[in-house]
Amino acid sequence: MTQSYLDLRQKTRERDRSLRDKVMSLEEAAKLVPDGASVALGGCTASRTPMAMLWALIRARKTGLTVSRSIMSTEGDLLYASGLSRHIITSWFSQGIVWGVSKVMRAYTESHRATFEEWSHMAMGLRYRAGAMGVPFMPMRSMMGSGVVDRAPGARTMECPFTGETLLLVPALNPDVALIHVQRCDAYGNAQLDGLSFMDIDIAMAANRVILTTERIVSNDQIRRHPDQTKIGFFTVDAVVEVPFGSAPHECYGLYEPFYSHMDLYAQMTAKDPDKGAAEYLERFHYEPKDWADYLSRIGMAELLDAQRRGSGIYDD
Amino acid sequence: MTQSYLDLRQKTRERDRSLRDKVMSLEEAAKLVPDGASVALGGCTASRTPMAMLWALIRARKTGLTVSRSIMSTEGDLLYASGLSRHIITSWFSQGIVWGVSKVMRAYTESHRATFEEWSHMAMGLRYRAGAMGVPFMPMRSMMGSGVVDRAPGARTMECPFTGETLLLVPALNPDVALIHVQRCDAYGNAQLDGLSFMDIDIAMAANRVILTTERIVSNDQIRRHPDQTKIGFFTVDAVVEVPFGSAPHECYGLYEPFYSHMDLYAQMTAKDPDKGAAEYLERFHYEPKDWADYLSRIGMAELLDAQRRGSGIYDD
Amino acid sequence: MTTEPVRTAPPLAAVPAYTASELLAVMSARLLKDGQTVFAGVGIPLLAAILAQKTHAPGLTILFEGGVIGPFVEAGKLPPSTNEQRCTRRANMLVSITEVLLMLQRGYVDVGFMGGAQIDRFGNLNSSFIGDADNPKIRLPGTGGGNDIASLADMIVAMKHEKRRFVEKVDFITSPGFVDGSDSRARAGLPAGGMFRVVTDLGIMGFDEATKAMTVVALHPGVTPQAIKDNTGFELPVPADVAVTEVPGDVELAILRELDPARLYTA
Amino acid sequence: MTTEPVRTAPPLAAVPAYTASELLAVMSARLLKDGQTVFAGVGIPLLAAILAQKTHAPGLTILFEGGVIGPFVEAGKLPPSTNEQRCTRRANMLVSITEVLLMLQRGYVDVGFMGGAQIDRFGNLNSSFIGDADNPKIRLPGTGGGNDIASLADMIVAMKHEKRRFVEKVDFITSPGFVDGSDSRARAGLPAGGMFRVVTDLGIMGFDEATKAMTVVALHPGVTPQAIKDNTGFELPVPADVAVTEVPGDVELAILRELDPARLYTA
């Protein structure tokens, strides 16, 4: 599971890491994710979820992915229901606290049709961080004494050679592909994030391929005016796709909050018969729309305007 | 050397970490640094050096400090010559490449009057990072095969339990006190850095006490308008001192570049007889000035204006 | 994000002036001290922390798992999770999730404060599985940062007091309390932190210094020792001289209702 | 920041059109390929990298140890170290020092490029001690990031070719080359990276694939095999069919002189 250093170096060496235009469509970017790949998602819960990219992968009928994220919300349900992934690695998995426990997650895991591999939130973060740093593990001080550690593949305790203390070592996570949605980046993939960065910076460094979706593509000159705001560097990025409202119905910091009515609709659709409800949801919002604008139209213009008004409010006094 | 977790926690627990006014004078802040303490310095080489705070400590005739920094420039010489510290832990130690090897460093180390403990630059960074994370070590992949590792106290190799590879473990560095100079912070110690952050964020998290000097104290409201720009949090900070040109004759990003003529003067003064030259320099610029403004006056107004003009130029097109 | 929300029924003791959730929030808030740093989950913990800020602890610092330090949440705009932009309102600092959890590990946090779905005699919490982990009756959302917080900070847990929630042994330890009691927590690799208080709609519980078993510290007005024992799935000692809490005050209740006018968390 | 600056005397071969430092910079620049990522020290390495950017490698990405990715240094404003604001001019990204060094460890850097004070047969570099480390004749500034770069990247070293600098065994290994030769570098825990080229005012050296000992790859115009051997403190093989480099071109020299009008690094 943990990649040897030489393997990791070799994969990185083979990538074209130069400053070059990487702009493409969602459909082209989807081709960069092979069936069966391990994929990490940026954002957290209902925030900066790379929804448009997942939407494209579901439409492309990809299968067999192993998908990791700090915390999974509705996108986790859709991964299971579409067959895009039946193995999810995360620390918490449900639509969100106000909507209670996910019925779809329960249906798939309790029937053993899918796996939810649970790690503590810090362990997820440190697994990505080890991957970002090019070392095979990180030492940490939680998870021990719990049932979580017993079920976490690869986690192991060690006696610290400096202090004699018991530490937990968690294995590096170097996903094949990372999908990250950002507020803005340039055509080369220099991304500047506003607000909460979650685990995205480590994920981008850890992955062997990075696909950025972005609300806006800006000029390289604009990026260079504030280089200390660049949080993901072009040399880690392999594809750039401009997708306005690319996290909908989740939020994108400073631009739009979650589309709450639509989130409620999703919860209602999946409440009674999760399998049927999720299938219907996928049909209506993923398979049928002719393009991303059509997807947004089906969510609804009033919803979009409301989410945008609330989103930009974070900068109001 | 490596602090046990319970010791580290206890020290942190005893600190008042609340949101409160911490503004004081250089002289008051100097009292927070006991003789013999281990002290980490922010910045790197001739950039954002906490020069004013060191100046105050030298004037307060403190002694016996163990001082660490990513890279030491002229402030290292002054630590040796003033007796403030005779044990320096760093990765590179000399005024700067253009001035060649430091004569003062050579005089003190070659005569065994002082110690220069050498670690690789990444090892310095990872030692602070381990300290910042609250773990006793970090694994890394350099220093091995060199003479540096043999002389680095506490560094040890391990066989990775995940990959079988040989890794180096470097021990956490949790300094008693960190001295960090920033462009701006509020009275509580929320600091926002522009440009290069060096190792300052990790140092602030790792230390058991943090003294910030700042070019300007701004309102907490101003900080809260851009919370994602806060790089050092108030809860790690114990003292805030406003000192304009607090890194002079070194640089502070976006505000002033190094005072090159003065740096040349220092090199000249210490070139022939390093002991005598450094003593004279200390007398003239550290012991004699009646206050910080007098120190700056002795460096010279024209020098200051020139450094400031060059410094602000980084934002010009 | 730690556990499912505490959706409580009307309080057992007949005090119609406030709901069980309001009682929980008020009692929890009073446990927080001015100047402390508290790592709070959404729901009752967040409400309680803001209530404390607006009453006796104006210098309380709140941390959210999303990477937020020192925010001031606006009345009527409670965040739906600790990882969304509403959490960042007027914050002092935003960092990554990993960084904010590492601050906890480094020791900068005084109190971890979360809700609970199932707890046992030694304060272990379960938010992962009801039934056998390999073949669960219910797959719950999991730990989130709950495990990290419980492993590294002094804990306050706010939850509804029901026999099915207060069990002899949790089905699964998601977030460790004192594990098997006495020094087993430290022996497992967790020398710092541990359960401090469990606040319920019936009373406030602490833990015996030696055995680390749960014990009652105070009862809410109108709650008898027998009532709390009857609602607990294990032997819960009630000292003869047990304290009785003060009922929620009008100011406390008014603040809570202003914060959560839609009654998302306090119904 | 890696080693002391290369302060060279006039070139041995009588080609008055350029200085030894200019020769070093030009020859080094030609080794860099378009699209590569190069971790550069100040002095000749930086000059060479910018020269490459302005000639055959416009897509070359420069990294500086101070935490700078993809800057465009201005002519006449060469930074005095890799850790000051001049390094950040029109950069794509600024990160901490630790992060930029970790990018190297993660494998994002193609080439490490630094100066050298003392090198041995296996490409080990010394910038720490002349003489015995416990009682040195000269205490040098130390490794900086030199050790990290040499441990983790494919290395180009630019330095003056003198017998006292090219020694059988360095007094102290600050930055490892191939350690004791053959597979000893990998066995020491350094499976990746290693010496690629050493560029001097006399020629360009590589390393034998099996033994990892230094060998001549090319000589500069006018330099004889004997001359390079005479200036080397160990047995340095020169193949019979050794290549000869092309003299620095007018454009290359013009660019260098525009970059460093004060001749800080090219005198």
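Just so it is clear, the model here is predicted, and its values are computed rather than measured. Letters A, B, ... mirror the listed sequences (proteins, then strands); counts begin at 1. Basis for what follows: all heavy atoms, side chains included, without hydrogens, waters or symmetry-related copies.
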Closest heavy-atom contact between B/Ser18 and C/Gly59?
-> CB-O, 4.5 Å
Contacting region of C/Asp110 [heavy-atom separation from chain B under 4.5 Å] | both
Verify the neighbour count for atom CD of C/Glu246: are there more than 12 heavy atoms of other residues, nucleotides or ligands below 6.0 Å?
-> no
More than 12 heavy atoms from other groups under 6.0 Å of NZ on B/Lys11 = yes
Near C/Glu258 CD, under 6.0 Å, is it more than 12 heavy atoms from other residues, nucleotides or ligands?
-> no
Is it true that C/Asp34 and B/Arg20 make a salt bridge, defined as a side-chain N closer than 4.0 Å to a carboxylate O?
-> no
Using non-hydrogen atoms and a 4.5 Å limit, figure out which bit of C/Leu101 sits close to chain B: side chain, backbone, both or neither.
-> neither
When you measure from the side chain of C/Arg106 to the backbone N and O of B/Gly131, does any donor-acceptor pair fall under 3.5 Å?
-> yes
C/Ile69 versus B/Phe234, closest heavy-atom pair with distance | CG2-CE2, 4.0 Å
Atom CE in C/Met93, atom NZ in B/Lys231: separation rounded to 0.5 Å?
-> 7.5 Å
Can you find a heavy atom in the side chain of C/Val109 that is under 4.5 Å from one in the side chain of B/Phe235?
-> no
Sort C/Val95 into side chain, backbone, both or neither according to what part of it lies under 4.5 angstrom from a heavy atom of chain B.
-> neither
In residues 219-228 of chain B, which residues are in contact with chain C at a heavy-atom separation under 4.5 Å?
-> B/Asn220, B/Asp221, B/Ile223, B/Arg224, B/Pro227, B/Asp228
Interface check, chain C: of B/Asn190, B/Asp16, B/Leu19, most non-hydrogen pairs under 4.5 Å belong to B/Asn190
Can you check whether B/Thr12 reaches C/Tyr108 side chain to side chain, under 4.5 Å on heavy atoms?
-> yes
Take atom CD in C/Glu209; do more than 12 heavy atoms of anything else shown fall under 6.0 Å from it?
-> no
Do you know the tightest heavy-atom contact between B/Arg9 and C/Leu152?
-> NH2-O, 2.7 Å
Can you establish whether the number of heavy atoms outside C/Lys212 located under 6.0 Å from its atom NZ is more than 12?
-> yes
Chain B interface, residue from C/Asn92, C/Thr98, C/Leu102, C/Leu94 that has the most non-hydrogen pairs under 4.5 Å = C/Asn92
All heavy atoms of B/Met133 vs all of C/Gln105, minimum pair found to be O-NE2, 2.6 Å
Measure the spacing between CZ of B/Arg17 and CD of C/Gln36 and express it to the nearest 0.5 Å.
-> 8.5 Å
